[in-house]
Amino acid sequence: MNLQNTTLPNGLRIVTQERPQLETVLLGIWIKTGSAYENKSNNGISHFLEHMSFKGTTTRTSLQISEEIEDVGGHSNAYTSREFTAYYAKVMKEDAELAIDVLTDSIKNSIFPEEELVKEREVVIQEIKQSFDDPGDIVFDYFQETAFPNQALGRPILGPEAIVKAFTRESLQQYITSNYAAENMIVCAVGNIKHEKFVEMVKSRMSDFRAKTNFVTEEQKYVGGFFKEVRPIEQNHVILGFQGYPHKSDKYYDISILSSVLGGGMSSRLFQEIREKRGLVYSVYSYSSSHSDAGIFAIYAGTGKKELPVLMPVVIDEIKKISNELITDKELERAKVQLKASIKMGLESPSATAEVIVRKNMIYGKNPNIKEMIEKIDAVTKESIRDVAMEIFTSKPTYTLLGAIKKHMEYDELQKALA
């Protein structure tokens, strides 16, 4: 991938991929922290801090932060996930130094003005309410909490309204001091930029950044269980989950291909059997999600009131088939090709490339090796897929329902059917 790496004395890692054929640069700062690194009393602070970092610094107002990048035709944004927070911008190649200056200023020198705190609390609370009002969104929070109860990994990224209302300038500063440090940060650029030049831009602005974090992480342990919420809506949302694998598991690609065969697209078993043959759903798919020390495999379906009792036995039947019988050669080959194509197509995008670069460096401490990734995909066999299916589908299920639910398969019944 033609990557270049530099580590500053304080531990800050800088990675670039030069693409001289482009006129633009995608650059950003990624921090290995998110809702999974919070505690019960500050749940939601990673996301709230991401919002507040753009609300004014010692040298720029909130408006200036937005205007400086937009005035040169660029755009900036940020996101918070369970284990990562990112601040990034895409600009023309000649404006890279302006963009990195704005981003580093926002992280290092935010002053969190009281009037902005008041306004942004209300903005985030509206975001929380909007998420709650969207059943197709909030059901995944319910599912995560059921799978990982009473632990950070199960708490919502946005946090609860009552805690968000209590965030202060001091709590934000304290969180930055504990969770933002050079050792868990990577600055990355993909596009028309020279590595040495970018390193100098970052070094002049971040070489004095604190080196070490001082926070303690909570245990990540899959538990499983049952949750149901009845709402007067037309669509029933169902998620059935099982224990998966963490990032560094040697079964990462096996479970990825299992997900592809079972519910990864229009040719997958679940889509063909449940939607195409039976017409029980509009949407059905499976996915595998990995974290630092835990993982989860899930099947989602959106279905009607009458169809719900019929749906789950069919899903369970497909789970049993893929656990007890070898998949076909055609299915295995199709899933491998799809996964390889997804990786290669994603790398055509500078933003997706940056994500791959950062995550591989954060998780494995090294640059992504596409050849190695392809070899691991090729090494997956029909037998390894069956073995993974047998292992994960015998774990305690996580069963989450949301909708105008009248009749459905009960949790005990579900467990018996899966046994």
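What you see is a predicted model, and the numbers here were worked out from it, not measured in a lab. Hydrogens, waters and symmetry mates play no part in the numbers below; they use all other heavy atoms, side chains included.
- The shortest non-hydrogen separation linking Asn184 to Asn179 is ND2-O, 2.9 Å.
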Side chain to side chain donor-acceptor pair (under 3.5 Å) between Tyr37 and Glu83, intermediate numbers included: CA-CA 7 Å; Tyr37 299 90; Glu83 296 191 293; 3.2 Å; yes
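- Phe227 and Phe143 have their aromatic ring centers separated by at least 6.0 angstrom.
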Steps toward side chain to side chain contact (heavy atoms under 4.5 Å, CB included) verdict (Met373, Ile343): CA-CA 9 Å; Met373 293 163 72; Ile343 292 170; 3.9 Å; yes
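- Residues Gln17 and His195 bring no donor and acceptor atom of their side chains to less than 3.5 Å of each other.
- The shortest non-hydrogen separation linking Ala294 to Gln220 is N-OE1, 3.6 Å.
- Listed here is the closest heavy atom pair of Val223 and Pro149: CB-CD, 3.5 Å.
- Although no hydrogens or angles enter the test, the distance criterion places no donor-acceptor pair under 3.5 Å between the side chain of Arg82 and the main chain of His291.
- Using modelled atom types, no side-chain atom of Lys32 and backbone atom of Thr85 make a donor-acceptor pair closer than 3.5 Å.
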Criterion side chain to side chain donor-acceptor pair (under 3.5 Å) on Thr303 and Asn236, from CA distance to verdict: CA-CA 5 Å; Thr303 190; Asn236 286 322; over 6 Å; no
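- Looking at Gln338 and Ser260, their side chains do bring a donor and an acceptor atom within 3.5 Å of each other.
- Judged purely by atom type and a 3.5 angstrom limit, Asn43 has no side-chain atom pairing as donor or acceptor with the backbone of Lys40.
- Side-chain atoms of Glu318 do not come within 3.5 Å of backbone N or O of Leu270 as any donor-acceptor pair.
- Heavy-atom minimum distance, Ala36 versus Ala152: O-CB, 3.5 Å.
- Ser395 contributes a side-chain N or O that, together with a main-chain N or O of Gln243, makes up a donor-acceptor pair within less than 3.5 Å.
- Ion pair Glu355/Arg359 flagged as a salt bridge, since at least one NZ, NE, NH1 or NH2 atom sits closer than 4.0 Å to an Asp/Glu carboxylate oxygen.
- Under the 3.5 Å distance criterion, with hydrogens and angles disregarded, a donor-acceptor pair is assigned to the side chains of Tyr142 and Glu229.
- No side-chain heavy atom of Tyr245 sits under 4.5 Å from any side-chain heavy atom of Tyr252.
- Side-chain atoms of Val261 and Ile385, non-hydrogen and from C-beta on, never get closer than 4.5 Å to each other.
- Glu200 pairs by the salt bridge (Lys or Arg N to Asp or Glu O under 4.0 Å) definition with nothing, not counting sequence neighbours.
- A donor-acceptor contact shorter than 3.5 Å links the side chain of Tyr411 to the backbone of Pro397.
- For Phe140 and Tyr300, the ring centers sit closer than 6.0 Å to each other.
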Criterion side chain to side chain donor-acceptor pair (under 3.5 Å) on Ser286 and Ser259, from CA distance to verdict: CA-CA 6 Å; Ser286 63; Ser259 179; 3.1 Å; yes
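- With Ser110 contributing its side chain and Phe112 its backbone, the two residues share no donor-acceptor pair below 3.5 Å.
- When the options Thr353, Asn2, Asn192 are evaluated for a side-chain hydrogen bond (donor to acceptor under 3.5 Å, both in side chains) with Arg19, the one that passes is Thr353.
- Judged by distance alone, the side chain of Ser207 and the main-chain N or O of Ser204 form no donor-acceptor pair under 3.5 Å.
- For the pair Val139 and Thr400, the minimum side-chain heavy-atom distance is below 4.5 Å.
- The local environment of NZ in Lys340 is crowded, with over 12 non-hydrogen atoms from other residues, nucleotides or ligands closer than 6.0 Å.
- For Ser384 against Asp254, the heavy-atom pair with the smallest separation is OG-OD1, 2.6 Å.
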Side chain to side chain donor-acceptor pair (under 3.5 Å) evaluation trace for Ser267 with Gln272: CA-CA 6 Å; Ser267 61; Gln272 285 295 313; over 6 Å; no
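- Nearest approach of Met185 to Tyr180, heavy atoms of both residues: SD-C, 4.4 Å.
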Ring pair (Phe, Tyr, Trp, His ring centres under 6.0 Å) evaluation trace for Phe393 with Phe297: CA-CA 9 Å; Phe393 292 136; Phe297 184 95; 5.6 Å; yes
